[in-house]
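All remarks here apply to the structure that follows.
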Amino acid sequence: MRFGGHCPGALFVASSACARLRGLLGRNRFEGVLMLAPCCDVHTVGMRFAVDVAFVGQDGTVLASRRNLAPGRRMAVKGAACVLERQASDGGSWFCPGDRVVLGIGREEEDEGVSCVQG
């Protein structure tokens, strides 16, 4: 997975209702990015750390993005098809509204076959 040439870590997908409900709850830390799909509404109730979130539309366009969403908060974006979450980071790039997310299957040397491009 790449954000403007930077590789933040592995991509994990939560596509079942149970996996989406659990999300990052109960973890002390998380390395990588979690994709919740389908999803248009997230909360951080019970979370032990703040998260960076990006809401992505069906066409791959980032509709909304928020850095450092604190524990005990909620955010929803109408029209989002999925949400990308990671443990909040003070540095490094993250998605901005209007960026395009592209996931595809590639060769193993290209981040284990998963890529994500901003542009």
Side-chain angles (χ1 to χ4, degrees):
M1 176 173 239
R2 293 188 185 281
F3 297 106
H6 172 68
C7 185
L11 173 68
F12 300 90
V13 179
S15 59
S16 71
C18 184
R20 290 191 314 269
L21 182 62
R22 178 160 194 270
L24 299 177
L25 289 174
R27 301 173 195 251
N28 290 322
R29 59 188 286 252
F30 182 77
E31 293 184 27
V33 176
L34 178 65
M35 174 189 276
L36 304 165
C39 184
C40 65
D41 188 341
V42 296
H43 71 83
T44 57
V45 175
M47 300 273 296
R48 297 178 180 158
F49 50 82
V51 293
D52 296 336
V53 296
F55 290 81
V56 182
Q58 189 70 36
D59 66 353
T61 301
V62 175
L63 304 174
S65 178
R66 173 97 182 259
R67 295 193 76 165
N68 293 305
L69 184 63
R73 303 287 190 258
R74 179 178 179 210
M75 186 173 177
V77 174
K78 186 176 180 177
C82 70
V83 177
L84 300 173
E85 293 184 338
R86 72 172 179 185
Q87 185 168 349
S89 171
D90 292 331
S93 59
W94 188 241
F95 290 105
C96 296
D99 286 344
R100 284 254 323 147
V101 176
V102 179
L103 297 176
I105 303 300
R107 292 178 298 218
E108 285 186 28
E109 61 267 21
E110 295 176 357
D111 297 331
E112 300 163 6
V114 179
S115 63
C116 187
V117 181
Q118 281 189 146

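These numbers come from the heavy atoms of this one structure, side chains and all, not from hydrogens, waters or symmetry mates.
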Identify every side-chain donor-acceptor pair in residues 49-64 under 3.5 Å, counting partners at least two apart or on other chains, and give the distances.
residue, atom, partner, partner atom, Å
Asp52, OD1, Asn68, N, 2.9
Asp52, OD2, Arg86, NE, 2.8
Asp52, OD2, Arg86, NH2, 3.1
Asp52, OD2, Ser89, N, 3.3
Asp59, OD1, Thr61, N, 3.0
Asp59, OD1, Thr61, OG1, 3.1
Asp59, OD2, Thr61, OG1, 3.3

Would you be so kind as to tabulate the donor-acceptor pairs closer than 3.5 Å made by side chains of residues 75-82, with sequence neighbours excluded?
none

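Cluster annotation: Met35 is not connected to Val42 through the hydrophobic network of ILVMFWY side chains, with a link wherever side-chain heavy atoms come within less than 4.5 Å. Both Leu34 and Met47 belong to a common hydrophobic cluster when Ile, Leu, Val, Met, Phe, Trp and Tyr are linked at side-chain heavy-atom distances under 4.5 angstrom. Linking Ile, Leu, Val, Met, Phe, Trp and Tyr residues whenever their side-chain heavy atoms come within less than 4.5 Å leaves Val101 and Val83 in two separate clusters.
The side-chain heavy atoms of Gln87 and Leu24, taken from C-beta on, include no pair separated by under 4.5 Å.
The salt bridge (charged side-chain N to carboxylate O under 4.0 Å, His left out) contacts involving residues 19-30 comprise Arg29-Glu31, where partners must be two or more places apart or lie in separate chains. For residues 34-48, the salt bridge (charged side-chain N to carboxylate O under 4.0 Å, His left out) pairs, not counting sequence neighbours, are Asp41-Arg74. Counting only residues at least two apart or on different chains, the ring pair (Phe, Tyr, Trp, His ring centres under 6.0 Å) pairs with a member in residues 16-43 are Phe12-Phe30.
Taking Arg73 as the reference, nothing meets the salt bridge (Lys or Arg N to Asp or Glu O under 4.0 Å) condition, with sequence neighbours excluded.
In plain terms, the two heavy atoms of Ser15 and Ala19 that are nearest each other are N-CB, 4.5 Å.
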